[in-house]
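Everything below concerns the one structure shown next.
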2 protein chains.
Amino acid sequence: MYERLRAYFQNKLAMSEAQFEAIKQVLTPKSVRKHELVVWQGEVERHGAFVVKGCLRSYVVADKKGKEHIIQFAPENWWISDQHSMLRGLPAMFSIDAVEDAEVLLFGPDFFPLLQTLGSDFQAFFHTLLQNSMAAMQRRLISTLSATAEERYLEFLQMYPTLVQRLPQRMIAAYLGVTPESLSRIRKELARS
Amino acid sequence: MYERLRAYFQNKLAMSEAQFEAIKQVLTPKSVRKHELVVWQGEVERHGAFVVKGCLRSYVVADKKGKEHIIQFAPENWWISDQHSMLRGLPAMFSIDAVEDAEVLLFGPDFFPLLQTLGSDFQAFFHTLLQNSMAAMQRRLISTLSATAEERYLEFLQMYPTLVQRLPQRMIAAYLGVTPESLSRIRKELARS
DNA sequence: CTCATTTCTTACCCTACATCAAGGCGCCAG
DNA sequence: CTGGCGCCTTGATGTAGGGTAAGAAATGAG
């Protein structure tokens, strides 16, 4: 389990054995079954995860209608968490669950203070990670504001070509912000050409 | 000019005189006239800003139609920049200009390395700032995906009650992702009740 | 294998918002 | 004061995508 994390850090961040041990201390390996929840929207006691195998997602149930909206997919080698709420001890803004059976390394609120002690390379690394997420989020917002559902679907195909086969369509629809019916129509239309 | 920045840091971050001096070194005061551009979408040489007075905005011209989409408004005491592109020397993802005549403190790519040298309190502070933006962005994305234009307008009123009077409606529309015509109709409808 | 449940597709109609077009109201320059 | 130019409003019409419903296909459980 931990080997995958070490491999992930290769070429990204120079790390001593002691540092890696310290990180292992605050990470708990866990198998998560498909549909199993890792975080409940609204709960205070909770975790984030590094995905070793399988795929998780974070999502909110926003509407009175109970409609789901997916914020992020996290396949292998992705981090997923609600940092904002976690660090402040606030109720989680969204839920996290497994889209496929998965192997993850869970971390709690103590993960971030630990990073502080591991030196500025670590801080910089995770800061960069956050910046990348932010940039991705901005691009997605713009796309949601300015592009049609079909254009967004094509962008999604480009961005996550491997995920498309692994995810049920209703989840892609929930990510794009359209109904499964609409996505079905879009795919039909694209197939015609 | 710098006094406003010092006041801003009060209660947020303990800071020595020497640290403040170091920050001053990398900040350039500037007056920006309404409509004046601080950053051009696509340019590589560029700045971010701390807004002392007035209001800036970041926006993209996404469509072939030349339609503007506003990512962020930055009134007094806000930071605005394209960190992601700036740190990597990439072309800016969006433009930044002044919505009102403004006084700002400009910083360049050298700002972030400096923060590293100022100790982990500083890093933590700006990390938190980034997390807050991220959380706000996520909320906005969800809102864009799940709420009607009217609901988003009401959220905007709640979130930025003072800004509403200062901004032309077409900019609020560009922020919400609707046409000025639609926003006008929404306001009319709300006024009736 | 078989039945049940979930997921996907297709069809029909409806709604929120866009687009287009015209007119009114500031606001500033001369 | 007057003409021009943004900005906001209002109306008429168009359209992307939603809601609903029903059937087909896939997936899963016993």
Side-chain angles (χ1 to χ4, degrees), chain A residues 33-36 54-55 57 59 61-70 73 97-101 142-157 163-193, chain B residues 33-36 55 57 59 61-70 97-101 142-157 163-193:
Chain A
R33 308 294 302 276
K34 190 171 176 173
H35 297 141
E36 188 178 340
C55 186
R57 83 217 242 245
Y59 65 100
V61 181
D63 303 340
K64 28 259 145 193
K65 305 288 179 191
K67 218 160 112 188
E68 279 178 11
H69 292 282
I70 296 179
F73 292 111
D97 73 1
V99 171
E100 306 168 337
D101 289 350
I142 295 306
S143 166
T144 307
L145 291 175
S146 64
T148 64
E150 176 171 327
E151 287 166 334
R152 276 178 282 141
Y153 177 63
L154 291 172
E155 283 170 22
F156 183 85
L157 290 184
L163 274 186
V164 182
Q165 293 103 0
R166 292 165 62 178
L167 299 171
Q169 277 176 218
R170 31 174 295 279
M171 288 204 186
I172 300 178
Y175 180 93
L176 296 177
V178 298
T179 58
E181 292 92 330
S182 290
L183 181 56
S184 177
R185 283 184 277 261
I186 288 165
R187 285 166 48 86
K188 183 187 178 187
E189 190 54 31
L190 288 172
R192 282 205 322 113
S193 42
Chain B
R33 308 293 303 275
K34 192 171 174 171
H35 298 140
E36 188 179 339
C55 186
R57 82 219 243 243
Y59 65 100
V61 181
D63 304 340
K64 28 259 146 194
K65 305 289 179 189
K67 219 159 111 187
E68 280 178 11
H69 293 281
I70 296 179
D97 73 1
V99 170
E100 305 169 338
D101 290 349
I142 296 307
S143 166
T144 307
L145 291 175
S146 65
T148 64
E150 177 172 326
E151 288 166 334
R152 275 179 282 140
Y153 177 63
L154 291 172
E155 283 170 20
F156 183 85
L157 290 183
L163 273 186
V164 182
Q165 292 103 1
R166 292 165 63 178
L167 299 170
Q169 277 176 217
R170 28 176 296 279
M171 287 204 185
I172 300 179
Y175 180 93
L176 296 177
V178 298
T179 58
E181 292 94 327
S182 289
L183 181 55
S184 176
R185 281 186 269 262
I186 287 165
R187 286 166 48 86
K188 183 186 176 187
E189 192 54 32
L190 287 173
R192 282 204 323 112
S193 40

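Within every chain, numbering begins at 1; the chains are lettered A, B, ... in the order of the sequence lines, protein sequences first and strands thereafter.
With sequence neighbours excluded, no residue forms a ring pair (Phe, Tyr, Trp, His ring centres under 6.0 Å) with A:Y59. Annotation: side-chain hydrogen bond (donor to acceptor under 3.5 Å, both in side chains) contacts of A:T144 (sequence neighbours excluded): none. In terms of the side chain to side chain contact (heavy atoms under 4.5 Å, CB included) criterion, residue partners of A:A149 (sequence neighbours excluded) are, by chain and number, A:R152, A:V178, A:I186. Residues passing the side-chain hydrogen bond (donor to acceptor under 3.5 Å, both in side chains) test with A:Q165, sequence neighbours excluded: none. Taking the side chain to side chain contact (heavy atoms under 4.5 Å, CB included) definition, one finds that A:T179 meets it with A:E181, A:S182, sequence neighbours left out. For A:R187, the salt bridge (charged side-chain N to carboxylate O under 4.0 Å, His left out) criterion is met by no residue, not counting sequence neighbours. For B:E155, there are no salt bridge (charged side-chain N to carboxylate O under 4.0 Å, His left out) partners, not counting sequence neighbours. Applying the side chain to side chain contact (heavy atoms under 4.5 Å, CB included) test to A:R170 and every residue at least two apart in sequence or in another chain returns A:E68, A:P168, A:P180.
A nucleotide of DNA chain D counts as in contact with chain B when one of its atoms lies under 4.0 Å from a heavy atom; the first and last such, 5' to 3', are D:dC7 to D:dA12. Taking the 5' to 3' direction, DNA chain C first and last meets chain B under 4.0 angstrom from a heavy atom at C:dC17 to C:dC20.
A distance of 4.5 Å separates CZ of B:R57 from CD1 of B:I70, quoted to the nearest 0.5 Å. Atom CD1 of B:I172 is separated from atom CZ of B:F156 by 5.0 Å, given to the nearest 0.5 angstrom. Interatomic distance, B:K34 NZ to B:C55 SG, rounded to the nearest 0.5 Å: 11.0 Å.
A heavy atom closer than 4.0 Å to some atom of DNA chain C occurs in A:E181, A:S184, A:R185, A:K188, these being the qualifying members of residues 176-192 of chain A.
No donor-acceptor distance shorter than 3.5 angstrom exists from the side chain of B:D101 to the backbone of B:R33, with no hydrogens or angles considered.
One axis for each end of the helix from C:dC1-D:dG30 to C:dG30-D:dC1, each built from five base pairs, and the angle between them comes to 50° at 10° resolution.
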